[in-house]
2 protein chains.
Amino acid sequence: MGLFIGNILTERLLGKVGVLSSKEKILNEAIILFAEKGYPGLSMRQLATAANISVAAIYHHFPDKNALYLDAIQYAFSGKELVFARVWESEGTPEEKLARFIRSLLEVMQQDRNFHRLIQREIMEADPERMQLLAQSVFNKQFCLLMQLANELAPDQDAHLVATSIISLVKNYIEYQPLNKNFPGRKPEHEQPEVIAAHITGLLLNGLKK
Amino acid sequence: MGLFIGNILTERLLGKVGVLSSKEKILNEAIILFAEKGYPGLSMRQLATAANISVAAIYHHFPDKNALYLDAIQYAFSGKELVFARVWESEGTPEEKLARFIRSLLEVMQQDRNFHRLIQREIMEADPERMQLLAQSVFNKQFCLLMQLANELAPDQDAHLVATSIISLVKNYIEYQPLNKNFPGRKPEHEQPEVIAAHITGLLLNGLKK
DNA sequence: GTCTATATGGCGATAGAC
DNA sequence: GTCTATCGCCATATAGAC
């Protein structure tokens with residue numbers, strides 16, 4: 001038992017049966033609030049209030065604010081890789097796999113907005129060490145599989161650039177939604193994942209044709 | 001004379017002959033530091049030090065931190081529209097215009113990183129009122145012209161979605177550079193604007209073809 | 001228009017009781 | 001493991017002299 005104290009996965013399982021440890025409660029609130037306000041924008045007092053605990057109790061579980069932030073990010077990232085497993089394991093042509101990947105990525109990003117905003121803030125800070133950690137421990141496998149797919153779809157093109165383009169297209173539809181509401185030509189269906197997914201997939205597979 | 005005190009454009013002109021007013025000095029530093037650290041991350045003391053002035057002097061020019069921030073954003077945005085004028089006024093096929101637009105956007109974003117980061121932070125905050133201001137007073141004309149071009153290139157597709165895709169592709173190559181360094185398949189030429197521009201243009205005009 | 005000095009409060013972090 | 005109380009510092013913002 002003592003061996004598992006502090007193990008996030010154990011706490012996740014506890015969470016699934018409705019028992020949230022204090023540490024997990026803190027981390028859950030931290031993910032939401034760091035995503036919303038950013039690192040300097042969230043005070044330990046605000047977090048303590050949100051988690052319904054005292055500031056001193058937070059410092060019992062985490063040595064300082066920075067360590068808590070890093071833990072929260074790791075916690076938010078854990079398990080995300082599994083979402084795409086079914087995409088890569090599924091049967092079908094490369095074109096079908098691309099459509100499925102785009103659809104899945106879009107759903108993950110739109111459903112878990114806190115995850116998306118946390119990543120976005122991290123990328124914006126662009127700290128080299130943290131970028132390396134993020135790339136290697138979170139996204140590396142997915143990026144490689146996407147490059148493989150890109151290579152099947154367009155062997156003559158640069159797989160790294162193609163993979164980046166695919167991710168860019170999906171990510172920015174989510175990100176630009178609040179801004180794009182204010183531009184002409186906006187239609188209600190532009191917020192529906194299937195419409196966006198169809199557009200992106202079509203664009204990639206056919207380009208712009210008259 | 002008194003009429004022009006506080007007029008940013010006047011101060012810009014003064015700036016061009018090497019005379020920076022204190023207010024302009026503050027705004028210039030504010031753009032850099034807000035872009036780097038974000039609103040809560042930058043203190044008035046740090047800004048005062050960077051602008052080589054006292055905190056009280058800043059409060060002589062701006063009523064409070066928030067007003068200063070909004071002024072800094074407006075200041076950073078002023079004049080950006082002119083950059084693309086030559087793209088839209090130039091002669092050539094729609095395909096050539098697209099290539100030129102992509103190239104210009106890429107250059108503006110890569111050269112003026114502070115501008116890019118300020119916008120990015122604003123979009124991430126996603127405050128509805130500020131999104132409206134940003135869309136209408138800064139990007140509206142460009143977006144409309146880009147939609148027109150999209151319509152010429154692909155009349156059967158949704159111009160709003162196509163325009164968003166084009167911007168997404170360009171913006172994220174800049175944004176992902178620090179992260180992408182850590183993925184396999186990375187090549188040095190992936191940081192050259194002309195290589196990126198060629199890839200994006202090709203992707204849009206031809207799609208992924210075997 | 002700029003300064004020094006200061007008011008007032010929130011910040012991260014800790015001490016020590018229970 | 002959680003609390004109340006508190007430390008020392010830095011935050012935004014202001015007062016008033018020059």
Side-chain angles (χ1 to χ4, degrees), chain A residues 1-8 10-11 14-15 18-31 33-34 36-73 75 121 125, chain B residues 1-8 10-12 14-15 18-34 36-73 75 121 125:
Chain A
M1 171 72 184
L3 273 174
F4 293 101
I5 290 179
N7 182 319
I8 282 171
T10 305
E11 289 169 355
L14 286 173
V19 183
L20 287 182
S21 71
S22 284
K23 191 170 181 179
E24 199 178 22
K25 235 183 339 191
I26 296 166
L27 284 171
N28 277 322
E29 290 297 331
I31 289 169
L33 293 170
F34 277 131
E36 191 184 321
K37 297 159 171 281
Y39 183 84
L42 174 64
S43 74
M44 299 298 268
R45 287 168 159 87
Q46 290 171 319
L47 177 59
T49 304
N52 205 27
I53 208 173
S54 73
V55 173
I58 296 179
Y59 280 95
H60 172 79
H61 294 285
F62 306 93
D64 55 32
K65 188 184 179 183
N66 196 56
L68 163 64
Y69 175 67
L70 294 176
D71 270 19
I73 288 176
Y75 184 66
R121 282 192 193 274
E125 298 313 323
Chain B
M1 172 72 182
L3 275 174
F4 293 100
I5 290 180
N7 183 319
I8 282 171
T10 305
E11 289 168 357
R12 276 236 153 148
L14 287 174
V19 183
L20 287 181
S21 70
S22 284
K23 191 170 181 178
E24 199 179 22
K25 236 182 341 189
I26 295 167
L27 285 171
N28 277 321
E29 290 298 331
I31 289 169
I32 297 167
L33 293 170
F34 276 131
E36 191 186 318
K37 298 159 170 281
Y39 183 83
L42 174 64
S43 74
M44 299 298 266
R45 285 163 196 223
Q46 288 170 319
L47 177 58
T49 304
N52 206 26
I53 208 173
S54 73
V55 173
I58 296 179
Y59 280 95
H60 171 77
H61 293 285
F62 306 93
D64 55 31
K65 187 183 178 182
N66 195 56
L68 163 64
Y69 175 67
L70 294 176
D71 271 19
I73 287 176
Y75 184 67
R121 283 193 192 273
E125 297 314 323

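Chain letters run A, B, ... following the sequence lines, proteins first, then strands; residues in each count from 1.
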**Student:** Rounded to the Å, how far apart are Q46(B) CD and dC11(C) C1'?
**Tutor:** 14 Å
**Student:** Rounded to whole Å, how long is the line connecting atom CG of L33(B) with atom C1' of dA11(D)?
**Tutor:** 16 Å
**Student:** Quick one: pull up CD1 in I26(A) and CD1 in I31(A) and give me the separation to the nearest 0.5 Å.
**Tutor:** 12.5 Å
**Student:** Strictly below 4.0 Å, heavy-atom distances to any atom of DNA chain D: list the hits from residues 58-67 of chain B, or just say none.
**Tutor:** Y59(B), D64(B), K65(B)
**Student:** Identify whether any heavy atom of L42(B) sits under 4.0 Å from a base atom; if not, whether one sits that close to sugar-phosphate; answer base, sugar-phosphate or nothing.
**Tutor:** sugar-phosphate
**Student:** Kindly compute the distance separating CG (L68(B)) from CG (L27(B)), expressed to the nearest 0.5 Å.
**Tutor:** 6.5 Å
**Student:** Given atom CG of L47(B) and atom C1' of dA11(D), what is their separation to the nearest angstrom?
**Tutor:** 14 Å
**Student:** In terms of heavy-atom contacts, does CG of D64(B) have more than 12 from other residues, nucleotides or ligands at under 6.0 Å?
**Tutor:** yes
**Student:** Any side-chain N or O of S43(A) less than 4.0 Å from the OP1 or OP2 oxygen of dC11(C)?
**Tutor:** yes
**Student:** Side-chain N or O of R45(B) less than 4.0 angstrom from OP1 or OP2 on dT12(D)?
**Tutor:** no
**Student:** Rounded to the nearest angstrom, tell me the gap between atom NZ in K25(A) and atom C1' in dT2(D).
**Tutor:** 11 Å
**Student:** Report the distance from atom CD of Q46(A) to atom CD of E36(A), rounding to the nearest 0.5 Å.
**Tutor:** 9.5 Å
**Student:** Strictly below 4.0 Å: does S54(B) bring a side-chain N or O up to OP1 or OP2 of dT4(C)?
**Tutor:** no
**Student:** Using the salt bridge (charged side-chain N to carboxylate O under 4.0 Å, His left out) rule, take E29(A) and K23(A) through it: C-alpha gap first, then chi angles, then the decisive distance, then the call.
**Tutor:** CA-CA 10 Å; E29(A) 290 297 331; K23(A) 191 170 181 179; over 6 Å; no
**Student:** Select one nucleotide: of dT4(D), dG12(C), dT2(D), the one nearest the side-chain heavy atoms of A56(A).
**Tutor:** dT4(D)
**Student:** Are side-chain N/O atoms of E125(A) and Y39(A) paired as donor and acceptor at under 3.5 Å?
**Tutor:** no
